[in-house]
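Chain letters run A, B, ... following the sequence lines, proteins first and then strands; every chain starts at 1. Computed from heavy atoms alone, side chains included, the values below leave out hydrogens, waters and symmetry copies.
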2 protein chains.
Amino acid sequence: MTERTRRSTAPTIYDIAEKAGVAASTVSRALNKPGRINSETERRIRAAADELGYRLNPMARSLQSGLTGNFALVMSDMTNPVYFDLVRGAERVTAEAGCTLLFADSQENVDVELDAAQRLLRVADGLMLVGSRLSDEQIVALAELKPVVTVNRLVADLPAATAEVEVGVHEAVRHLAELGHRDIAYLTGPSASWMNGRRHEVLVADALSRGMTVRAIESDSPTIDGGRAAVPRVAASGVTAVVAFNDLLAFGLLQGARDAGIDVPGTLSVIGFDDIFGADLLTPPLTTVRSHMRSLGEAAVVALQRAIAGEPGADSDRPATKLIVRGSTGPATD
Amino acid sequence: MTERTRRSTAPTIYDIAEKAGVAASTVSRALNKPGRINSETERRIRAAADELGYRLNPMARSLQSGLTGNFALVMSDMTNPVYFDLVRGAERVTAEAGCTLLFADSQENVDVELDAAQRLLRVADGLMLVGSRLSDEQIVALAELKPVVTVNRLVADLPAATAEVEVGVHEAVRHLAELGHRDIAYLTGPSASWMNGRRHEVLVADALSRGMTVRAIESDSPTIDGGRAAVPRVAASGVTAVVAFNDLLAFGLLQGARDAGIDVPGTLSVIGFDDIFGADLLTPPLTTVRSHMRSLGEAAVVALQRAIAGEPGADSDRPATKLIVRGSTGPATD
DNA sequence: CTGAAAGCGCTTACAG
DNA sequence: CTGAAAGCGCTTACAG
């Protein structure tokens with residue numbers, strides 16, 4: 001009721017026009033291109049607008065411009081703390097542009113992700129896919145509809161924002177080497193994750209160059225439970241250190257190892273990726289490769305803005321990674 | 001470029017109409033009210049729409065209906081893991097309704113919150129304020145514009161979704177009483193937080209009825225740092241147990257106590273609220289009052305939908321709380 | 001500098 | 001059941 005009333009009485013530019021004794025088109029100009037109009041007229045129009053409590057109807061403008069002012073963000077798992085800062089960074093740049101961030105969580109499920117992406121794409125000007133599990137083909141198909149930016153994923157020549165991997169991994173491998181580790185394992189993330197492949201391949205290359213061996217140990221899911229479940233396989237492998245695809249897996253390794261009576265870092269060293277919330281609160285606190293997720297979120301929005309504007313997708317700065325050494329790594333003991 | 005081309009070629013109902021040999025109004029009906037139209041005509045229209053890859057332009061529809069299909073959610077701190085499940089619940093119900101969730105983070109700042117609320121309100125049909133730090137007056141002013149639902153906050157007769165507090169607190173107090181605690185403290189949250197006041201008052205009432213004393217200890221901010229900073233005051237107070245406004249504060253207490261050489265739960269018992277991510281990973285794991293945040297998020301969206309539809313704001317079910325006993329509580333030792 | 005008019009893509013009474 | 005027309009609130013060439 002009240003609602004209805006409010007809606008129907010919302011003042012339009014025509015109300016302002018009447019009040020100020022000008023045409024609606026003049027009101028539109030006064031409000032949108034300050035300075036291009038007689039300043040006394042403009043003043044009168046603004047006064048009328050203020051008095052009426054006028055607010056632009058964004059739908060009407062959108063219908064004109066074809067642009068909604070919305071940017072969509074789909075991430076693989078919003079309960080993964082790694083995305084906190086990414087979302088904050090994306091939010092900040094989006095708000096600064098006077099736009100709005102739409103956002104959905106695919107819960108590590110391809111169908112949910114595709115569904116959410118399609119749904120959001122209809123009401124947004126473009127889409128950011130974070131840690132997408134979609135196939136390249138699916139992503140390309142989305143990009144036919146509207147601009148798409150991939151985050152921590154590279155697809156054909158779509159614009160992307162990715163964190164640098166080399167530096168952090170390099171530091172991690174050197175750290176392990178200095179502690180005397182020779183046989184290490186990589187606990188894998190989802191096979192559909194581009195970043196999983198990237199971390200794995202850089203780790204292997206780096207370790208080989210130091211004469212270390214890296215065996216892959218598969219995990220079921222990139223979660224704490226996935227890490228716990230992998231503990232027996234890690235133990236059986238005989239490695240002295242394991243690098244996990246992400247911190248959630250590493251958390252699970254730590255928990256599972258404790259339950260199994262495996263001493264970390266005495267018997268096994270553990271390194272994660274991301275430096276998520278809680279990594280420094282555990283016992284032992286986790287050694288992990290941190291990347292600057294906030295910058296990544298900002299870079300993603302900037303790339304999307306450029307894509308929407310039709311500008312070429314210059315590769316943005318890739319936020320640097322670095323190793324944060326804590327208590328979960330120690331000397332190798334064979 | 002490509003962008004421009006895509007946009008301008010997006011098929012409209014007029015393209016479908018032409019292809020199917022009917023009027024645009026018929027297309028609109030066929031697509032929106034299936035069954036109300038000659039089934040052969042409808043079939044032809046759908047076929048044409050499919051062939052053209054037609055997608056409804058939501059802005060055009062919005063301009064008609066005055067509704068955007070967007071629900072806005074503003075929360076006090078999105079890096080607080082307590083909101084994970086709330087957002088997921090809200091997201092699920094929103095998506096189910098074919099709507100979209102807009103979302104912003106106020107970073108515990110009143111100005112940022114007000115700004116975000118106003119910004120989102122213009123492009124959404126209604127607003128959910130989670131753990132708002134705004135004044136009642138500010139919230140009422142927002143509610144003049146569009147429907148507003150408060151979450152874990154009660155304002156005048158605005159619709160709200162709140163978690164039940166009594167059961168969990170009752171269990172917590174009984175738990176402490178059974179462990180022999182007589183003098184306990186409440187580590188406060190933000191004074192602008194309604195839920196802070198609520199937890200405090202229920203705790204005091206419950207404790208008094210058991211002959212326990214509760215002193216209030218102020219925290220600067222409801223974060224881990226805020227908890228750490230409070231440790232000296234907690235220690236000086238001589239209490240044997242402290243209940244913190246939220247788990248982040250409790251995390252900080254645990255950390256700070258360890259650094260100060262205070263044994264938890266040997267010398268001091270600690271209880272939090274929320275059961276956030278990590279609560280069971282700490283050493284000792286945290287005893288805490290859990291509420292079902294997912295239900296809360298769902299209830300908030302349902303309440304908002306009702307408010308938008310102009311239905312009376314019946315108080316929704318209040319998700320129950322319960323005490324999760326872990327390792328941070330133990331017998332009182334005076 | 002300003003106004004009249006057309007149009008963005010859809011929906012919805014109003015006729016037939 | 002279907003069509004022609006008006007209208008949602010704004011912007012933007014096009015004239016003056």
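- Here the nucleotide nearest the side chain of T12(A), chosen from dG3(C), dC10(D), dT11(C), is dC10(D).
- Residues Y83(A) and F103(A) keep their aromatic ring centres 6.0 Å or farther apart.
- Across all strands shown, dA4(D) has no partner, as no Watson-Crick or G-U wobble contact with both distances under 3.5 Å is found.
- We find that CG of L31(A) is positioned 16 Å from P of dG9(D), with the value rounded to whole Å.
- Put simply, CG on L52(B) is 15 Å from C1' on dG9(C), counting in whole angstrom units.
- A residue-by-residue look at Y14(A) and N38(A) shows that N38(A) has its nearest nucleotide of DNA chain C further toward the 5' end.
- Closest to the side chain of V22(A), out of dG3(C), dC10(C), dG3(D), is dG3(C).
- The interatomic distance linking I45(A) (CD1) with dC10(D) (P) rounds to 13 Å, in whole Å.
- Using a 4.0 Å heavy-atom distance criterion, I37(B) is classed as a sugar-phosphate-only contact.
- Distances shorter than 4.0 Å separate none of the side-chain N or O atoms of S25(B) from OP1 or OP2 on dG3(D).
- Applying the 3.5 Å distance criterion, the base of dG3(C) shares a donor-acceptor pair with the side chain of R29(A).
- Remark: T41(A) is in phosphate contact with dT2(C), judged by side-chain N or O atoms under 4.0 Å from OP1 or OP2.
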Residue pair V74(B), S132(B): steps toward the side chain to side chain contact (heavy atoms under 4.5 Å, CB included) verdict: CA-CA 8 Å; V74(B) 175; S132(B) 178; over 6 Å; no
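- Taking side-chain N and O atoms only, S28(B) has no distance below 4.0 Å to OP1 or OP2 of dC10(C).
- A sub-4.0 Å separation between OP1 or OP2 of dC10(C) and a side-chain N or O of R61(B) is absent.
- The existence of a salt bridge linking D85(A) and R92(A) is excluded, since no basic side-chain nitrogen approaches an acidic carboxylate oxygen closer than 4.0 Å.
- The pair D125(A)-K146(A) fails the salt-bridge criterion, with no side-chain N (NZ, NE, NH1 or NH2) lying under 4.0 Å from an Asp/Glu carboxylate O.
- Side chain of I13(A), nearest nucleotide from dA4(C), dT11(D), dG9(D): dT11(D).
- Taking atom CG of L67(A) as the reference point, atom C1' of dG9(C) lies 16 Å away to the nearest angstrom.
- Remark: Y54(A) is in phosphate contact with dC10(D), judged by side-chain N or O atoms under 4.0 Å from OP1 or OP2.
- Here N32(A) reaches the OP1 or OP2 of dT11(D): one of its side-chain N or O atoms lies under 4.0 Å away.
- Among the atoms of the strands shown, none is found under 4.0 Å from any heavy atom of S62(B).
- The interatomic distance linking M59(A) (CE) with dC8(C) (C1') rounds to 14 Å, in whole Å.
- Distances shorter than 4.0 Å separate some side-chain N or O of K33(B) from OP1 or OP2 on dT12(C).
- No side-chain N or O of R44(B) forms a donor-acceptor pair with one of N38(B) less than 3.5 Å apart.
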